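Notes for the one structure printed next.
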2 protein chains.
Amino acid sequence: MGGPKKPEQERCAAILAAAYEIALAEGLDAVTARRVATAAGISTGLVFFHFQSKDGLLEALLGVLLDGTLDALSDSGLERLEPWDRLERMIRVELERLVEYHGAVELIFAFYFSRRDDLFRTRIESNFGRYLQAFSPVCREVAVGTRIQGDELAATVVALVQGASIQAIRNPEIFDPEAILATLRAVRPA
Amino acid sequence: MGGPKKPEQERCAAILAAAYEIALAEGLDAVTARRVATAAGISTGLVFFHFQSKDGLLEALLGVLLDGTLDALSDSGLERLEPWDRLERMIRVELERLVEYHGAVELIFAFYFSRRDDLFRTRIESNFGRYLQAFSPVCREVAVGTRIQGDELAATVVALVQGASIQAIRNPEIFDPEAILATLRAVRPA
DNA sequence: CTCTACATTGATCGCACGGTCAATGATCAC
DNA sequence: GTGATCATTGACCGTGCGATCAATGTAGAG
């Protein structure tokens, strides 16, 4: 028994990488301590040594997913654009990210729907909530001088983006951000 | 051994009802043959006698869910309305159904994301596809004489409705169809 | 009443899972 | 070199699962 020693950081990263790979390829259910250990080339016990429990491993995996996919929301660098252009630009960025990361986004939804307890949901919920916060300011600006209510527009935009994520998961090849963006431009008040 | 005999139809319905109840209350993972049998007041073997396998039971349960929640899409009875009013009305109907059936819709998503194989996905996919078919005609009518493309509008509407379903699941108490509907009315071309 | 076909039972199998742990290897300070 | 510390192993435990099946009860046909 015993084996080569590696620093904790490096090991954890390797285990998480293996878990990520398995989850992407075969789904969350396939992420078991044994399979992850085998994929990472280590023993099962080491997984629990580094992550305490399977839930610990999954929490860490969820953290990787959320960091990698939902963390770039911002309209910085767009200050000089008109509100409508800024909003369209933000939506475009999000929709194009969906195409790129649809696998990870699918896993986030799998996390969300796999459990009803709060272990994963509150984490994901708070990340989803940041969508609303990110879109709210520009939506309020867009609404000024129109019949639109800023907060209602923000809720609608968030729903639209999240619905688009479902479409991107359902059929990544066919999903086309331009269809949605073109419709938004067409209904944009002059 | 042995016990009272009931017709197959009645038994299956009772088993499905028990499975539905457990799924709604505790999630898909809690739907095991043993738990369903206990909840239905029968033995475990009988579940497999009537549904062959756990997947058979889940397929039947999914059928119940899909029949009960996604099956009422139609714009019949709205012929006399203007296209925009018809579209708004259809969206309103769908959004209000979401509030009522968010538990069942959540289970459908749980089915969708719990597996990557085609057993459940194709079923759900075909039901989702009917959304697009249902919204397409009226969207094409709405688009006539505008810069909007009918099929692009339909794709956008479907994304919006499905995104709204996520919102309704995330927080059924707070979710407000009127916010989205008001925004749609506000951007509606005169 | 008897025979046949079917519904029902619950013990049982094999399996994969999450988790534990004593034993062992590697590393480093001194 | 020596001892303390920590990473690592893999066998092992208990559990709950899906599934099977011989035994048994039930109902209806003749």
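Lettering of chains follows the sequences in order, A, B, ..., and the numbering in each one begins at 1. The basis for the numbers below is simple: all heavy atoms, side chains too, and nothing from hydrogens, waters or symmetry mates. Treat the numbers as computed from the prediction; the structure is a model and nothing was measured.
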Among C/dT9, D/dA19, D/dA7, find the nucleotide with the atom closest to the side chain of B/L46.
C/dT9
Can you tell me which nucleotide in D/dA7, C/dT8, C/dG19 comes closest to the side chain of A/S53?
C/dG19
Would you kindly give the CD-to-C1' distance between B/E10 and C/dC6, to the nearest whole Å?
16 Å
Kindly confirm or rule out a cation-pi arrangement of B/R121 over B/Y112, judged by NZ or CZ under 6.0 Å from the six-membered ring centre and within 45° of its axis?
yes
How many Å lie between CD on A/Q52 and C1' on D/dA7, as a whole number?
14 Å
Could you tell me the separation between the NE2 atom of B/H50 and the C1' atom of D/dA19, rounded to a whole number of Å?
16 Å
Please list all pairs meeting salt bridge (Lys or Arg N to Asp or Glu O under 4.0 Å) that have one or both residues in residues 31-50 of chain B, counting only residues at least two apart or in different chains.
B/E26-B/R35
A/R86 and A/E82 ion-paired at < 4.0 Å:
no
Measure CZ/A/F48 against C1'/D/dA11 and give the value in whole Å, please.
14 Å
Atom-to-atom span, CG of B/L57 to C1' of D/dC17 - whole angstrom
14 Å
Output yes when B/R188 and B/D85 qualify as a salt bridge under the 4.0 Å nitrogen-oxygen rule, no when they do not.
yes
Protein N or O to nucleotides 12-17 of chain C N or O, pairs below 3.5 Å:
{"unit_1": "C/dC17", "atom_1": "OP1", "unit_2": "A/T32", "atom_2": "OG1", "d": "3.3"}

Measure from CZ on A/F49 to C1' on C/dT24 and round the result to the nearest Å.
14 Å
Does any part of the side chain of A/V157, heavy atoms only, come nearer than 4.5 Å to the side chain of A/L132, both counted from C-beta?
no
Pairing residues for B/D151 by the side-chain hydrogen bond (donor to acceptor under 3.5 Å, both in side chains) criterion, not counting sequence neighbours
none
What's the closest nucleotide to the side chain of A/I42 if the choices are D/dT9, C/dT9, C/dG19?
D/dT9
